[in-house]
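Below: one structure, written as structure tokens.
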Amino acid sequence: MARDKKKRKEIKRKLLHKYRLVILNESTFEEKISFKLSRLNVFVTGTLFIIVLIGLTTLIIAFTPLREYIPGYSSTRLKRQATELTYKTDSLVTVLNYTNRYLDNVRLVLRGDIENNEVNRDSLFEKYKLDPSTVDLTPIREDLLLREEVELEDKYNLFERDIENVGTLLFSPVSGTLSQGYDPENKHYAVDVVAPKDTPVKSIADGTVLFSEWTAETGYVIIVEHQDNNLTSVYKHNGSLSKSQGDLVKAGEIIASIGNTGELTTGPHLHFELWRKGKPVNPLNYIDFK
């Protein structure tokens, strides 16, 4: 017990024993600087210095661009490029999904099929219905003055007309006799126009050719998108095609010729379909084939 106590005192004495650190001029042995140190002071000072050095190194690595020069750390430029590529990839995936949906609609047009989605229109407009008893319909003076002003302008305006439907006036693709009309109940979303073989088939409006290929069932098929009218025109059973996919066409420009191609044909004629915003419409409501 006494030996352990003596050993502890010896260790304490060594730790607290003072030493002098003197810096001398080598030539004159003149004392320049001197420090009183102990082993404990040296140990504590060294430990604090190491802790501060580790802290500063950590801050430099975490919050300054100097970490880019340390092996294993990615640069800011690479991170920026990776972020930009991530956004571009996400945009490309979105565009690809829209393109796939669009191609599915084109396939439906080529096959002559369409999904029959029945929607209850009353339920869609239910939240917009108003109770007439809660609306004050009493005319006000400002309303009467506005009506009189508008009526006076319309009375003497010789040039303005209602041209809402002018954009839907289309060029006839071919003149001939209708052998079969538009019949959506039997999934015949087109009109069949009989005409002599090799008669030119013309585009109904300005547009871009989306599809121009041979199909087994409907022969030579060409599809034109008309963005100005939100329309897509389909021409099937052609004898030949004059335009390729991606070509720009004008209204009345020849794009094909009457033929008798495909397994489902019954003679030289044009199977013409008209789609508006992804849904089939009756071409006779837009075009006069006579």
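Note: hydrogens, waters and symmetry copies are ignored here, and every other heavy atom, side chains too, is used. In this text the structure is predicted, and so the values were computed from the model without any measurement.
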Practice problem: Kindly compute the distance separating CG (Leu92) from OG1 (Thr99), expressed to the nearest 0.5 Å. | Solution: 10.0 Å
Quiz item: Considering only heavy atoms from C-beta outward, does the side chain of Val201 approach that of Ile258 to under 4.5 Å?
Solution: yes
Exercise. Answer yes if Val194 and Val174 sit in the same cluster of Ile, Leu, Val, Met, Phe, Trp and Tyr residues linked by side chain heavy atoms under 4.5 Å apart, and no otherwise.
Key: no
Practice problem: Consider only side-chain N and O atoms of Ser179 and Asp192, and report whether a donor and an acceptor are under 3.5 Å apart. | Solution: no
Quiz item: Distance from Thr89 atom OG1 to Glu84 atom CD, nearest 0.5 Å?
Solution: 11.5 Å
Quiz item: What is the ring orientation for Phe289 with Phe272, classed by angle as parallel under 30°, tilted 30 to 60°, or perpendicular over 60°?
Solution: perpendicular
Practice problem: Identify the two heavy atoms, one from Thr261 and one from Tyr220, that lie closest to each other, and give their separation to 0.1 Å. | Solution: OG1-N, 3.2 Å
Quiz item: Are Leu284 and Leu270 in one and the same hydrophobic cluster, where Ile, Leu, Val, Met, Phe, Trp and Tyr link if side-chain heavy atoms are under 4.5 Å apart?
Solution: yes
Exercise. Kindly say whether His188 contributes a backbone atom to a donor-acceptor pair with the side chain of Asn186 at under 3.5 angstrom?
Key: no
Exercise. Give the minimum heavy-atom separation between Tyr189 and Pro280, together with the two atoms involved.
Key: CD2-CG, 3.6 Å
Quiz item: Does any donor atom in the side chain of Ser233 or Tyr235 lie under 3.5 Å from an acceptor atom in the other side chain?
Solution: yes
Practice problem: For Asn229 and Ala205, work out which heavy atoms get closest and say how close. | Solution: ND2-CB, 4.0 Å
Practice problem: Taking Asn25 for its side chain and Ser27 for its backbone only, find out whether a donor-acceptor pair lies under 3.5 Å. | Solution: yes
Quiz item: Is it true that Leu24 and Tyr19 fall in one hydrophobic cluster, defined by side-chain heavy atoms closer than 4.5 Å?
Solution: no
Quiz item: Does the side chain of Asn97 come under 3.5 Å of the side chain of Thr94 through a donor N or O and an acceptor N or O?
Solution: no
Quiz item: So does Phe43 have more than 12 non-hydrogen atoms from other groups sitting under 6.0 Å from CZ?
Solution: no
Quiz item: What distance separates His226 NE2 from Thr232 OG1, expressed to the nearest 0.5 Å?
Solution: 7.0 Å
Quiz prompt | Residue pair Lys243 / Ser212: nearest heavy atoms and the distance that separates them | solution = O-OG, 2.6 Å
Quiz item: Looking only at atom types and distance, does a side-chain atom of His237 sit under 3.5 Å from a main-chain N or O of His269, one as donor and one as acceptor?
Solution: no
Quiz item: Which atoms form the tightest heavy-atom contact between Ile287 and Pro173, and what is the distance?
Solution: CG2-CD, 4.0 Å
Quiz prompt | Residue pairs, two or more places apart or on separate chains, that pass salt bridge (charged side-chain N to carboxylate O under 4.0 Å, His left out) and touch residues 176-185 | solution = none
Quiz item: Linking I/L/V/M/F/W/Y whenever any side-chain heavy atoms sit under 4.5 Å apart, do Val234 and Phe211 land together?
Solution: yes
Practice problem: Determine the sole option in Ile223, Asp247, Ile255, Leu248 for which the side-chain contact (heavy atoms from CB on, under 4.5 Å) test with Val209 is passed. | Solution: Asp247
Self-check item: Lys18 and Asn41, any side-chain heavy atoms less than 4.5 Å apart
Solution: yes
Exercise. Measure the shortest side-chain to side-chain distance between Ser240 and Ser257 over non-hydrogen atoms and say whether it is less than 4.5 angstrom.
Key: yes
Quiz prompt | Distance in Å, Ile50 CD1 paired with Ile54 CD1, rounded so as to fall on 0.5 Å steps | solution = 7.0 Å
Quiz item: Checking Asp90 side chain against Thr86 main chain: does a donor-acceptor pair fall under 3.5 Å?
Solution: no
Quiz item: Is there a chain of hydrophobic side chains (I, L, V, M, F, W, Y, each step under 4.5 Å between heavy atoms) that links Ile33 to Leu21?
Solution: yes
Self-check item: Point-to-point distance, once rounded to the nearest 0.5 Å, from CD1 of Ile254 to OG1 of Thr199
Solution: 10.5 Å
Self-check item: Reported OH-to-CG distance for the pair Tyr286 and Leu274, which is rounded to 0.5 angstrom
Solution: 6.5 Å
Quiz item: Which heavy atom in Ser172 sits nearest to a heavy atom in Lys202, and how many Å separate them?
Solution: O-CB, 4.4 Å
Exercise. Look only at the side chain of Gln245 and the backbone of Leu210, and say whether a donor-acceptor pair between them is shorter than 3.5 Å.
Key: yes
Quiz item: Charged N to carboxylate O below 4.0 Å: is that the case for Glu273 and Lys236?
Solution: yes
Exercise. Determine whether Thr208 and Val249 make a side-chain contact, defined as any pair of heavy atoms from C-beta on separated by less than 4.5 Å.
Key: no
